[in-house]
Amino acid sequence: MRADFINPFIAAAKNVLATMANTTAEAGKPGLKTDRCTWGDVTGVIGLCSPGTSGSMLLSFSKGAILSVVNQMLGEEHDSINEEVADAVGELTNMITGAAKNGLIEKGYKIDMAIPIIIQGKNVQITQIANGPILTVPFTIPGGCFVVEANLVDHK
Amino acid sequence: MSAGKPIDKNIPVLIVDDFSTMRKIVKNSLKALGFNNVSEAVDGKEALEKLQNGEFKFVISDWNMPNMMGIDLLKAVRSDERLKALPFLMVTAEGKKENILEAAKAGVSNYIVKPFTVDSLQEKIQMILGK
C-alpha cells in the first residue's frame with residue numbers, strides 16, 4: 001500500500017467543506033490508526049473497490065464539529081446528532097469520496113464506491129474484510145475535530 | 001440569471017436524492033434562486049411515479065440511489081411519450097467520464113458535480129431552462 005493515496009481524500013475533504021459548508025478545515029499530520037474502532041460521535045463508512053484492490057474510507061466527526069458543519073450546510077440550528085445530522089454525514093462521506101476519485105485514478109486506483117452507512121457512537125468496533133493498515137488524518141474546524149481514515153489493500 | 005430567455009421560476013421542480021441532506025441543499029439553493037415550487041422524491045422509483053402522475057417541468061436527480069438509479073430514471077423519462085422532453089439535470093458526486101457519456105447518450109440536459117455552489121447550479125439551470 002502506498003501512503004500517498006490519502007492525499008486525494010485530504011484535498012477532497014477540504015474542498016467539500018469549503019464549498020458546501022463554508023468551513024475551512026486544517027489538516028494535521030497523517031498517521032497509522034492503531035485500533036479498529038470509530039473515532040468520533042458519528043462516522044460515515046464507505047466501501048471502495050477496484051480490480052485487485054479493496055478498502056474503505058471513514059469520515060468521523062466529534063459532535064461539535066458535525067453540528068457546526070450541518071448548521072452551515074443547511075442554515076439550521078441542530079443541537080444533537082439526530083437522523084438529519086446522521087444523513088448529512090452520509091452525504092459528506094459520499095461527496096468526499098467522489099471528489100477524491102480523480103486523484104485516486106491518477107495514482108492508479110480506479111475505484112468504485114458503495115452507498116455509505118452511518119455509525120453513531122465512539123469506539124464502535126469495525127471489522128473490515130480488507131484488513132490492511134489504515135491511514136488517519138486529523139482535521140480541525142470551528143466547533144471541533146474530525147478524522148478521515150482510509151485503507152486500500154492490494155489483493156495478491 | 002444572465003443571458004438567454006427569461007425563466008419561469010414558478011415551474012414545478014422535482015428533486016430526487018436518497019439523502020435528505022442533499023434534497024434540502026438543492027431545495028435551499030433553488031429557493032435562493034427564486035424557485036419555490038419544489039417537490040422531492042427519495043429515489044428514482046418514487047420520482048418516476050410522481051413524474052407520471054404530476055405536471056413537473058424540471059427534474060434534478062442524483063446519480064447513485066437505491067431502488068432506481070438516476071441514469072435509469074433518466075432513461076425511463078426519455079422513453080415515456082409524455083415526459084420525454086422534460087429538462088433533466090443529473091447531479092453526481094463522481095464526475096466519472098463513462099457516467100457522463102452514458103447520461104449524454106441517454107439524453108440528459110446537463111450534469112453538475114458535487115460539491116457545487118449556488119452560482120454553479122444557477123449556471124447549469126440557465127443553460128437548460130434559458131435556451
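Every chain is numbered from 1 and lettered A, B, ... according to where its sequence line falls, protein lines coming before strand lines. Heavy-atom basis, side chains included; hydrogens, waters and symmetry copies ignored.
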Evaluate whether atom [atom1] of [X] has more than 12 neighbouring non-hydrogen atoms of other residues, nucleotides or ligands under 6.0 angstrom away.
| X | atom1 | result |
| --- | --- | --- |
| B:Phe116 | CZ | yes |
| B:Lys45 | NZ | no |
| B:Lys124 | NZ | yes |
| B:Glu55 | CD | no |
| B:Lys50 | NZ | yes |

Can you tell if the side chain of A:Glu91 reaches within under 4.5 Å of the side chain of B:Ile25, non-hydrogen atoms only?
no

For a 4.5 angstrom cut-off between non-hydrogen side-chain atoms, does A:Asn94 reach B:Lys114?
yes

Side chain, backbone, both or neither: which part of A:Asp112 has an atom under 4.5 Å from a heavy atom of chain B?
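Only the side chain of A:Asp112 comes within 4.5 Å of chain B.
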
Side chain from CB out, backbone as N, CA, C, O: work out which of these in A:Glu83 comes under 4.5 Å of a heavy atom of chain B, or both, or neither.
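No part of it gets close to chain B.
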
Nearest non-hydrogen partners of B:Pro115 and A:Asn15, listed with the distance
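In terms of heavy atoms, the two residues are closest at CG-ND2, 3.9 Å.
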
Could you tell me which non-hydrogen atom of B:Phe19 sits nearest to which non-hydrogen atom of A:Asp87, and how far apart they are?
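That closest heavy-atom pairing would be CD2-O, 3.4 Å.
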
Which of the residues B:Pro66, B:Ser120, B:Ser20 is involved in the greatest number of heavy-atom pairs with chain A at under 4.5 angstrom?
B:Ser20

Region of B:Lys96 that comes under 4.5 Å of a non-hydrogen atom in chain A:
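Contact with chain A is through the side chain of B:Lys96 alone.
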
Checking side chain to side chain contact (heavy atoms under 4.5 Å, CB included) for the pair B:Met22/A:Met95: CA distance, chi angles, key distance, verdict?
CA-CA 10 Å; B:Met22 208 58 220; A:Met95 274 198 265; 4.2 Å; yes

Roughly how far, to the nearest 0.5 Å, is the CG atom of A:Leu74 from the NZ atom of B:Lys27?
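B:Lys27 atom NZ to A:Leu74 atom CG measures 12.5 Å (nearest 0.5 Å).
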
